[in-house]
Amino acid sequence: MLEQAYSLSLTAIFGFAAVVFVLLFFVSAPYSRYQRGGWGPTVAARTAWIVMESPAVFVIALCGLYRNHSLGSVPLFLFLIWQIHYMYRTFVFPFMMSSGSKRFPVLLILFAMVFNTANGYANGYNLFLSGRLYETGWFLDIRFLAGLAAFFIGFIVHVRSDTALRRLRRSSGDDYQIPRGGLFEYISAPNYSGEMFQWLGWALLTWSLAGLAFAVFTIANLLPRAVHHHRWYREHFSDYPQRRRAVIPFLG
Ligand code: NDP
């Protein structure tokens, strides 16, 4: 039963990734600067972020509570860094937003909740229910160390970028400005690049199919959006810096 749910979750995540990747190159996800009508009822953006990210916090915690083997230090550590990210995304990031007029379609929230439930379960299953033993020696494995470095570099990059964008939003009212400084000098959406790098790190440091599925989905979701942002800035600002790229500095 647990294993079937795990297979179903993985299939769903890889399936979502394929669909979302193709779809998002043609249609920009309808929130923030792409907010528009025709997507059904909406709720305030802050509420949306809290509601849709919550399953990622709670589902993996439930897997930990109902684990079928004793809690090793490696799964515990992996669980804690997962929660550092999701506590930030669910309970800190939404309160950094101005309580402005931005809305979020309920349809997108429902999709994100299904995704976060499947993803929380797949990763929770890998850590706590699969019977896989991460020995303490894993802390010294090169895959763990490289993945951990990528995870925290990505985390710092996206949190710093989120913070810079929030500051910009506060200073520019409802308008958009060209973000300046740091990685914004090289790429249009370092928040997305950081997030993609972080979850690639997670795939490496957990060395698991669940981690890989999450990294693949994140790239499928954020790469097209980063390309849309880049194009949007170029269309809206005639003085947009020429050397700035979409996702990877100096590339493209
Ligand atoms: P955006 O960059 O679209 O917006 C982030 C915030 O910054 C919004 O409040 C936005 O305001 C504001 N902002 C952005 N650009 C400007 C600008 N030029 N001038 C003024 N204000 C600006 O990011 P998302 O909302 O899409 O994502 C937020 C975070 O969530 C990111 O860190 C991202 O990596 C993560 N995320 C992760 C996903 C995953 O699959 N793992 C999926 C989606 C997001 P406004 O709302 O008015 O546009």
Side-chain angles (χ1 to χ4, degrees), residues 13 16-17 19-21 24 28-36 42 44-46 48-50 52-53 55-56 82 85-86 88-105 108-109 111-116 118-120 123 151 154-181 183-184 187-203 211 213-237 239-241 244 246-247:
I13 298 168
F16 288 154
V19 173
V20 154
F21 186 66
L24 288 186
S28 49
Y31 68 93
S32 283
R33 75 191 64 185
Y34 313 111
Q35 180 180 313
R36 56 196 183 274
T42 58
R46 178 180 289 166
W49 279 99
I50 298 170
M52 70 186 174
E53 298 297 314
W82 170 284
H85 171 87
Y86 273 109
Y88 162 73
R89 178 63 73 228
T90 312
F91 301 117
V92 178
F93 174 76
F95 292 96
M96 289 160 64
M97 308 174 91
S98 55
S99 54
S101 57
K102 285 290 158 72
R103 311 279 300 173
F104 220 96
L108 270 193
I109 298 174
F111 171 73
M113 289 179 79
V114 171
F115 168 77
N116 279 318
N119 194 40
N123 281 279
F151 184 93
F155 182 72
I156 289 165
V157 166
H158 90 244
V159 171
R160 283 176 62 105
S161 309
D162 284 346
T163 308
L165 288 173
R166 291 304 182 205
R167 212 172 288 134
L168 207 58
R169 167 56 61 244
R170 273 197 296 275
S171 69
S172 63
D174 283 341
D175 290 336
Y176 288 90
Q177 292 177 28
I178 300 177
R180 309 262 181 202
L183 273 174
F184 282 107
I187 45 179
S188 292
N191 47 345
Y192 298 155
S193 300
E195 182 112 12
M196 288 188 267
F197 197 63
Q198 177 184 347
W199 295 111
L200 279 171
W202 174 261
F214 187 17
V216 168
F217 177 84
T218 301
I219 293 169
N221 192 15
L222 294 184
L223 188 68
R225 194 168 171 86
V227 172
H228 281 296
H229 271 27
H230 187 60
R231 203 178 295 147
W232 185 94
Y233 278 121
R234 287 194 155 176
E235 284 167 7
H236 286 79
F237 294 98
D239 57 340
Y240 197 64
R244 216 175 273 194
V247 179

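Both counts, for ligands and for their atoms, begin at 1 and track the order of listing.
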**Request:** Say whether, by atom type as modelled, one donor and one acceptor occur between the side chain of Arg103 and the main chain of Thr42 under 3.5 angstrom.
**Result:**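 Answer holds: yes.
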
**Item:** Asn119 side chain to Ile13 backbone, donor-acceptor under 3.5 Å
**Value:**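 No: the side chain of Asn119 does not pair with the backbone of Ile13.
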
**Prompt:** Of all residues at least two apart in sequence or in a different chain, which pass the ring-ring contact (aromatic ring centres under 6.0 Å, His included) check with His85?
**Reply:**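 Listed in chain order: His158, Trp199.
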
For [atom], the option (of [options]) bearing the nearest heavy atom:
| atom | options | answer |
| --- | --- | --- |
| atom 45 (P) of ligand 1 | Phe104, Tyr176, Phe155, Tyr192 | Tyr176 |
| atom 10 (C) of ligand 1 | Arg170, Arg166, Gln177, Lys102 | Arg166 |
| atom 20 (C) of ligand 1 | Arg169, Glu53, Glu195, Met96 | Arg169 |

Taking the non-hydrogen atoms of [X], is any one of them nearer than 4.0 angstrom to ligand 1?
| X | result |
| --- | --- |
| Trp49 | yes |
| Arg89 | yes |
| Met196 | no |
| Trp199 | no |

Which residue holds the protein heavy atom closest to [atom], what is that atom called, and what is the gap in Å?
| atom | result |
| --- | --- |
| atom 46 (O) of ligand 1 | Ser32 OG, 2.8 Å |
| atom 40 (O) of ligand 1 | Asn221 ND2, 3.0 Å |
| atom 2 (O) of ligand 1 | Asn191 ND2, 3.0 Å |
| atom 25 (O) of ligand 1 | Tyr31 CE1, 3.5 Å |
| atom 3 (O) of ligand 1 | His229 NE2, 3.1 Å |
| atom 7 (O) of ligand 1 | Leu165 CB, 3.4 Å |
| atom 28 (C) of ligand 1 | Phe93 CZ, 3.4 Å |

Does NZ or CZ of [X] lie under 6.0 Å from the centre of the six-membered ring of [Y], at an angle within 45° of the ring axis?
| X | Y | value |
| --- | --- | --- |
| Arg225 | Tyr31 | yes |
| Arg89 | Phe93 | yes |
| Arg169 | Tyr176 | yes |

Where on [X] is there a heavy atom closer than 4.0 Å to ligand 1, on the side chain, on the backbone, on both, or on neither?
| X | result |
| --- | --- |
| Asp162 | side chain |
| Arg33 | both |
| Leu222 | side chain |

Establish, yes or no, whether a centroid distance under 6.0 Å links the rings of [X] and [Y].
| X | Y | result |
| --- | --- | --- |
| Trp202 | Phe214 | no |
| His236 | Trp232 | yes |
| Phe111 | Phe16 | yes |

**Prompt:** Atom CZ of Arg234 and atom NE2 of His229: how far apart are they, to the nearest 0.5 Å?
**Reply:**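 Rounded to the nearest 0.5 Å, the CZ-NE2 separation comes out at 15.0 Å.
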
Distance filter under 4.0 Å to [X] heavy atoms, resulting ligand 1 atoms:
| X | result |
| --- | --- |
| Arg225 | 3 (O), 26 (O) |
| Tyr233 | 15 (N), 16 (C), 17 (C), 18 (N) |
| Thr218 | 41 (N) |

**Asked** Which atom pair, heavy atoms only, marks the closest approach of Ile178 to Arg244?
**Response**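 Reported closest heavy-atom pair: CG2-NH1, 3.7 Å.
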
**Asked** CZ of Phe197: more than 12 outside heavy atoms within 6.0 angstrom?
**Response**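 Open.
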
**Request:** Would you check whether Ser172 has a nitrogen or oxygen atom less than 3.5 angstrom from a nitrogen or oxygen atom of ligand 1?
**Result:**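 In this structure, Ser172 places no N or O atom under 3.5 Å from an N or O of ligand 1.
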
**Item:** Check: Asp175 N/O within less than 3.5 Å of ligand 1 N/O
**Value:**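 No, no N or O pair falls under 3.5 Å.
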
**Message:** Please evaluate residues Ile109 and Phe104 with respect to the criterion side-chain contact (heavy atoms from CB on, under 4.5 Å), reporting the C-alpha separation (whole Å), side-chain torsions for both, the decisive distance (0.1 Å), and the verdict.
**Reply:** CA-CA 8 Å; Ile109 298 174; Phe104 220 96; 3.9 Å; yes

